[in-house]
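Have a look at the structure below before the remarks.
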Amino acid sequence: NAGVTQTPKFRVLKTGQSMTLLCAQDMNHEYMYWYRQDPGMGLRLIHYSVGEGTTAKGEVPDGYNVSRLKKQNFLLGLESAAPSQTSVYFCASRSAGTRHEQYFGPGTRLTVT
Amino acid sequence: GENVEQHPSTLSVQEGDSAVIKCTYSDSASNYFPWYKQELGKRPQLIIDIRSNVGEKKDQRIAVTLNKTAKHFSLHITETQPEDSAVYFCAASPNTGFQKLVFGTGTRLLVSP
(Lines give C-alpha, C1' and ligand atoms only; values in the text may rest on other atoms or scores of the structure.)
Protein backbone atom coordinates (compact mmCIF):
# COMPACT_ATOMS: atom_id res chain seq x y z
CA ASN A 1 0.00 0.00 0.00
CA ALA A 2 2.01 2.97 -1.29
CA GLY A 3 -0.55 5.65 -0.35
CA VAL A 4 -0.09 8.78 -2.47
CA THR A 5 2.86 8.92 -4.85
CA GLN A 6 4.10 11.73 -7.09
CA THR A 7 6.25 11.70 -10.21
CA PRO A 8 8.78 13.25 -10.67
CA LYS A 9 10.41 14.24 -7.36
CA PHE A 10 12.46 17.06 -8.87
CA ARG A 11 12.40 18.91 -12.17
CA VAL A 12 14.07 21.94 -13.70
CA LEU A 13 12.33 23.63 -16.62
CA LYS A 14 13.17 26.54 -18.82
CA THR A 15 10.62 29.33 -19.23
CA GLY A 16 8.05 28.36 -21.83
CA GLN A 17 8.54 24.61 -21.55
CA SER A 18 5.68 22.31 -20.64
CA MET A 19 5.42 19.37 -18.29
CA THR A 20 2.98 17.11 -16.51
CA LEU A 21 3.10 16.08 -12.87
CA LEU A 22 1.52 12.74 -12.03
CA CYS A 23 -0.23 11.89 -8.78
CA ALA A 24 -1.36 8.36 -8.04
CA GLN A 25 -3.20 6.94 -5.03
CA ASP A 26 -4.04 3.35 -4.19
CA MET A 27 -6.55 4.04 -1.40
CA ASN A 28 -9.61 4.22 -3.67
CA HIS A 29 -10.17 7.83 -2.65
CA GLU A 30 -12.78 9.88 -4.47
CA TYR A 31 -11.29 13.32 -3.88
CA MET A 32 -7.89 14.47 -5.11
CA TYR A 33 -6.10 17.81 -4.85
CA TRP A 34 -3.12 19.73 -6.16
CA TYR A 35 -1.46 22.35 -3.93
CA ARG A 36 1.56 24.53 -4.28
CA GLN A 37 3.71 25.47 -1.30
CA ASP A 38 5.77 28.64 -1.29
CA PRO A 39 7.77 30.07 1.63
CA GLY A 40 5.57 32.10 3.96
CA MET A 41 2.41 31.35 2.00
CA GLY A 42 1.32 27.97 3.26
CA LEU A 43 -0.45 25.50 1.00
CA ARG A 44 -2.59 26.98 -1.74
CA LEU A 45 -5.11 24.92 -3.68
CA ILE A 46 -4.59 24.90 -7.44
CA HIS A 47 -7.27 22.48 -8.68
CA TYR A 48 -9.20 19.61 -7.20
CA SER A 49 -11.41 16.73 -8.25
CA VAL A 50 -14.33 15.11 -6.47
CA GLY A 51 -14.52 12.15 -8.81
CA GLU A 52 -13.31 10.55 -12.01
CA GLY A 53 -13.89 12.85 -14.94
CA THR A 54 -14.57 15.94 -12.81
CA THR A 55 -12.28 18.86 -11.92
CA ALA A 56 -12.70 22.26 -10.30
CA LYS A 57 -10.62 25.38 -9.79
CA GLY A 58 -9.02 26.21 -6.48
CA GLU A 59 -7.47 29.45 -5.23
CA VAL A 60 -4.62 29.76 -7.75
CA PRO A 61 -5.60 27.91 -10.98
CA ASP A 62 -4.10 30.26 -13.59
CA GLY A 63 -1.36 28.69 -15.70
CA TYR A 64 -2.30 25.13 -14.76
CA ASN A 65 -4.59 22.47 -16.17
CA VAL A 66 -5.65 19.14 -14.69
CA SER A 67 -7.22 15.88 -15.73
CA ARG A 68 -8.74 12.96 -13.83
CA LEU A 69 -9.31 10.26 -16.43
CA LYS A 70 -8.86 7.44 -13.93
CA LYS A 71 -9.98 7.46 -10.30
CA GLN A 72 -6.50 6.69 -9.01
CA ASN A 73 -4.63 9.34 -11.03
CA PHE A 74 -4.69 13.14 -11.05
CA LEU A 75 -2.46 14.96 -13.53
CA LEU A 76 -1.29 18.56 -13.25
CA GLY A 77 -0.09 20.24 -16.44
CA LEU A 78 1.93 23.37 -17.02
CA GLU A 79 1.55 24.38 -20.67
CA SER A 80 4.09 27.24 -20.67
CA ALA A 81 6.13 27.34 -17.49
CA ALA A 82 6.99 30.69 -15.88
CA PRO A 83 9.51 31.48 -13.10
CA SER A 84 6.52 32.33 -10.84
CA GLN A 85 5.61 28.63 -10.96
CA THR A 86 8.80 27.67 -9.15
CA SER A 87 7.43 25.91 -6.09
CA VAL A 88 6.94 22.63 -4.29
CA TYR A 89 3.82 20.87 -5.53
CA PHE A 90 1.88 18.51 -3.30
CA CYS A 91 -0.87 16.16 -4.31
CA ALA A 92 -3.40 14.93 -1.74
CA SER A 93 -6.36 12.60 -1.63
CA ARG A 94 -9.19 11.73 0.75
CA SER A 95 -12.25 9.59 0.87
CA ALA A 96 -15.74 10.98 0.38
CA GLY A 97 -16.85 9.50 3.69
CA THR A 98 -17.06 11.04 7.13
CA ARG A 99 -13.31 11.03 7.69
CA HIS A 100 -11.99 14.22 6.11
CA GLU A 101 -8.25 13.64 6.47
CA GLN A 102 -6.28 14.54 3.38
CA TYR A 103 -3.30 12.26 2.69
CA PHE A 104 -0.41 14.02 1.01
CA GLY A 105 2.15 12.79 -1.45
CA PRO A 106 5.90 13.41 -0.96
CA GLY A 107 5.95 16.51 -3.16
CA THR A 108 7.60 17.61 -6.40
CA ARG A 109 10.16 20.38 -6.33
CA LEU A 110 9.91 22.36 -9.57
CA THR A 111 12.33 25.09 -10.60
CA VAL A 112 11.63 27.25 -13.65
CA THR A 113 14.60 29.23 -14.92
CA GLY B 1 -13.98 33.42 -0.03
CA GLU B 2 -12.55 31.97 3.16
CA ASN B 3 -9.40 33.55 4.59
CA VAL B 4 -7.37 31.91 7.36
CA GLU B 5 -4.79 33.87 9.32
CA GLN B 6 -2.25 32.11 11.53
CA HIS B 7 -0.01 33.47 14.30
CA PRO B 8 2.77 33.48 15.22
CA SER B 9 4.86 32.71 12.16
CA THR B 10 7.67 31.40 14.35
CA LEU B 11 7.64 30.13 17.93
CA SER B 12 10.60 29.07 20.04
CA VAL B 13 10.12 27.24 23.33
CA GLN B 14 12.18 25.22 25.75
CA GLU B 15 11.60 21.50 26.05
CA GLY B 16 8.79 20.86 28.50
CA ASP B 17 7.09 24.21 27.93
CA SER B 18 3.67 24.59 26.33
CA ALA B 19 3.13 26.03 22.86
CA VAL B 20 0.00 27.72 21.51
CA ILE B 21 -0.69 28.54 17.87
CA LYS B 22 -3.73 30.61 16.93
CA CYS B 23 -5.80 30.88 13.77
CA THR B 24 -8.73 33.04 12.75
CA TYR B 25 -11.10 32.43 9.86
CA SER B 26 -13.48 34.71 8.01
CA ASP B 27 -16.31 32.49 6.74
CA SER B 28 -18.84 31.78 9.49
CA ALA B 29 -20.11 28.81 7.44
CA SER B 30 -16.80 26.96 7.82
CA ASN B 31 -17.34 23.86 9.92
CA TYR B 32 -14.21 21.71 9.90
CA PHE B 33 -10.80 22.74 11.23
CA PRO B 34 -7.79 20.43 10.92
CA TRP B 35 -4.18 20.92 11.96
CA TYR B 36 -1.31 19.50 9.91
CA LYS B 37 2.32 19.01 10.93
CA GLN B 38 5.10 19.18 8.36
CA GLU B 39 8.60 18.12 9.33
CA LEU B 40 11.50 19.48 7.31
CA GLY B 41 11.50 18.04 3.80
CA LYS B 42 8.46 15.86 4.49
CA ARG B 43 4.81 15.88 3.55
CA PRO B 44 2.10 17.46 5.74
CA GLN B 45 0.32 15.03 8.04
CA LEU B 46 -2.90 15.47 10.01
CA ILE B 47 -2.36 15.60 13.76
CA ILE B 48 -5.78 16.63 15.05
CA ASP B 49 -9.04 18.08 13.77
CA ILE B 50 -12.26 19.51 15.17
CA ARG B 51 -15.74 20.07 13.83
CA SER B 52 -17.89 23.10 14.49
CA ASN B 53 -20.24 21.29 16.86
CA VAL B 54 -17.39 20.64 19.34
CA GLY B 55 -15.57 23.23 21.43
CA GLU B 56 -12.47 21.26 22.39
CA LYS B 57 -10.73 18.04 21.46
CA LYS B 58 -7.67 16.43 23.03
CA ASP B 59 -5.27 13.71 21.95
CA GLN B 60 -2.52 13.04 24.48
CA ARG B 61 -0.27 16.14 24.51
CA ILE B 62 -2.15 18.07 21.82
CA ALA B 63 -5.50 19.81 22.00
CA VAL B 64 -7.52 22.08 19.77
CA THR B 65 -10.08 24.63 20.92
CA LEU B 66 -12.69 26.35 18.78
CA ASN B 67 -14.57 29.56 19.41
CA LYS B 68 -17.21 29.86 16.69
CA THR B 69 -18.51 33.21 17.91
CA ALA B 70 -15.09 34.80 17.62
CA LYS B 71 -14.15 32.68 14.59
CA HIS B 72 -10.86 31.49 15.96
CA PHE B 73 -9.29 28.18 16.88
CA SER B 74 -6.05 27.24 18.57
CA LEU B 75 -3.59 24.36 18.81
CA HIS B 76 -2.14 23.64 22.24
CA ILE B 77 0.91 21.40 22.71
CA THR B 78 1.91 20.57 26.27
CA GLU B 79 5.21 19.17 27.54
CA THR B 80 6.90 19.95 24.23
CA GLN B 81 9.68 17.70 23.00
CA PRO B 82 12.40 18.31 20.38
CA GLU B 83 10.55 16.02 17.97
CA ASP B 84 7.63 18.50 18.05
CA SER B 85 9.85 20.88 16.06
CA ALA B 86 8.13 21.34 12.69
CA VAL B 87 5.88 23.67 10.73
CA TYR B 88 2.24 23.53 11.79
CA PHE B 89 -0.61 24.54 9.48
CA CYS B 90 -4.19 25.24 10.45
CA ALA B 91 -6.97 25.02 7.90
CA ALA B 92 -10.69 25.60 7.52
CA SER B 93 -13.22 23.93 5.28
CA PRO B 94 -15.36 26.66 3.69
CA ASN B 95 -18.13 24.55 2.24
CA THR B 96 -20.68 22.18 3.64
CA GLY B 97 -19.34 19.24 1.64
CA PHE B 98 -15.95 19.45 3.38
CA GLN B 99 -14.42 19.17 -0.05
CA LYS B 100 -11.86 21.95 0.15
CA LEU B 101 -9.46 23.28 2.72
CA VAL B 102 -8.04 26.79 3.02
CA PHE B 103 -4.72 26.72 4.87
CA GLY B 104 -3.06 29.26 7.10
CA THR B 105 0.48 30.39 6.32
CA GLY B 106 2.10 28.11 8.90
CA THR B 107 3.96 28.38 12.21
CA ARG B 108 7.52 27.17 12.56
CA LEU B 109 7.87 25.68 16.04
CA LEU B 110 11.36 25.15 17.43
CA VAL B 111 11.71 23.19 20.67
CA SER B 112 15.14 23.54 22.23
CA PRO B 113 16.48 20.82 24.55
Side-chain angles (χ1 to χ4, degrees), chain A residues 2-7 9-10 21 23-25 27 29-51 54-61 66 68 74 87-109, chain B residues 1-10 21-27 30-54 57 59 64 75 86-109:
Chain A
V4 181
T5 58
Q6 293 182 231
T7 309
K9 290 185 170 56
F10 304 94
L21 284 70
C23 176
Q25 52 93 6
M27 298 176 281
H29 285 169
E30 289 78 10
Y31 298 172
M32 297 187 73
Y33 307 84
W34 276 108
Y35 294 92
R36 60 178 289 171
Q37 184 174 37
D38 303 293
M41 302 189 75
L43 292 153
R44 293 183 292 167
L45 183 64
I46 304 172
H47 287 280
Y48 65 105
S49 168
V50 299
T54 71
T55 62
K57 294 180 180 180
E59 302 169 67
V60 289
V66 289
R68 183 106 181 263
F74 195 27
S87 187
V88 179
Y89 291 86
F90 284 99
C91 174
S93 72
R94 58 155 281 215
S95 72
T98 55
R99 181 156 178 78
H100 306 311
E101 178 176 1
Q102 291 190 15
Y103 294 84
F104 284 80
T108 295
R109 183 173 295 277
Chain B
E2 174 67 280
N3 182 52
V4 177
E5 295 190 355
Q6 183 171 349
H7 300 280
S9 57
T10 59
I21 303 171
K22 300 181 179 181
C23 289
T24 60
Y25 61 99
S26 60
D27 187 349
S30 289
N31 49 16
Y32 171 66
F33 307 92
W35 287 87
Y36 283 79
K37 176 183 180 182
Q38 186 179 28
E39 297 178 356
L40 188 62
K42 301 290 182 63
R43 70 192 78 188
Q45 291 187 299
L46 179 73
I47 54 171
I48 196 168
D49 56 9
I50 192 168
R51 299 195 190 190
S52 58
N53 58 349
V54 176
K57 183 177 179 180
D59 183 3
V64 57
L75 177 71
V87 178
Y88 292 81
F89 293 98
C90 63
S93 184
N95 55 3
T96 55
F98 306 98
Q99 294 169 357
K100 296 190 299 182
L101 291 176
V102 176
F103 283 85
T105 50
T107 296
R108 184 174 299 278
L109 174 64

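Residue numbers begin at 1 in each chain, while the letters A, B, ... track the order of the sequences.
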Select one option (side chain, backbone, both, neither) describing which atoms of L43(A) are under 4.5 Å from chain B's heavy atoms.
-> both
If you tally heavy-atom pairs under 4.5 Å between each of A92(A), A96(A), G40(A) and chain B, the highest tally belongs to G40(A)
R108(B) versus chain A, heavy atoms under 4.5 Å apart: side chain, backbone, both or neither?
-> neither
I would like to know whether R44(A) and T105(B) meet side chain to side chain contact (heavy atoms under 4.5 Å, CB included); could you show each step before the answer?
-> CA-CA 9 Å; R44(A) 293 183 292 167; T105(B) 50; over 6 Å; no
Taking every heavy atom of Q37(A) against every heavy atom of Q38(B), the minimum-distance pair comes out as NE2-OE1, 2.8 Å
Where do Q102(A) and Y36(B) come nearest, in terms of heavy atoms and distance?
-> N-OH, 3.0 Å
Provide the closest heavy-atom pair for Y35(A) versus L101(B) in the form atom of the first, atom of the second, distance.
-> OH-CB, 4.1 Å
Heavy-atom proximity to chain A below 4.5 Å, by part of P44(B) = both
Test side chain to side chain contact (heavy atoms under 4.5 Å, CB included) on Q99(B) and Y31(A) and set out the steps.
-> CA-CA 8 Å; Q99(B) 294 169 357; Y31(A) 298 172; 3.9 Å; yes
Rounded to the nearest 0.5 Å, how far does CG of L46(B) lie from CZ of R99(A)?
-> 6.0 Å
Start with the C-alpha gap between F90(A) and R43(B), add the side-chain angles, then the distance that decides, and say whether side chain to side chain contact (heavy atoms under 4.5 Å, CB included) holds.
-> CA-CA 8 Å; F90(A) 284 99; R43(B) 70 192 78 188; 4.2 Å; yes
Okay, side chain of Y33(A), backbone of K100(B): is any donor-acceptor separation there less than 3.5 Å?
-> no
Test item: Q45(B) and F104(A) side chains (from C-beta on) under 4.5 Å apart, heavy atoms = no
Mind checking the CD-CD1 spacing from E101(A) to I47(B)? Nearest 0.5 Å is all I need.
-> 11.0 Å
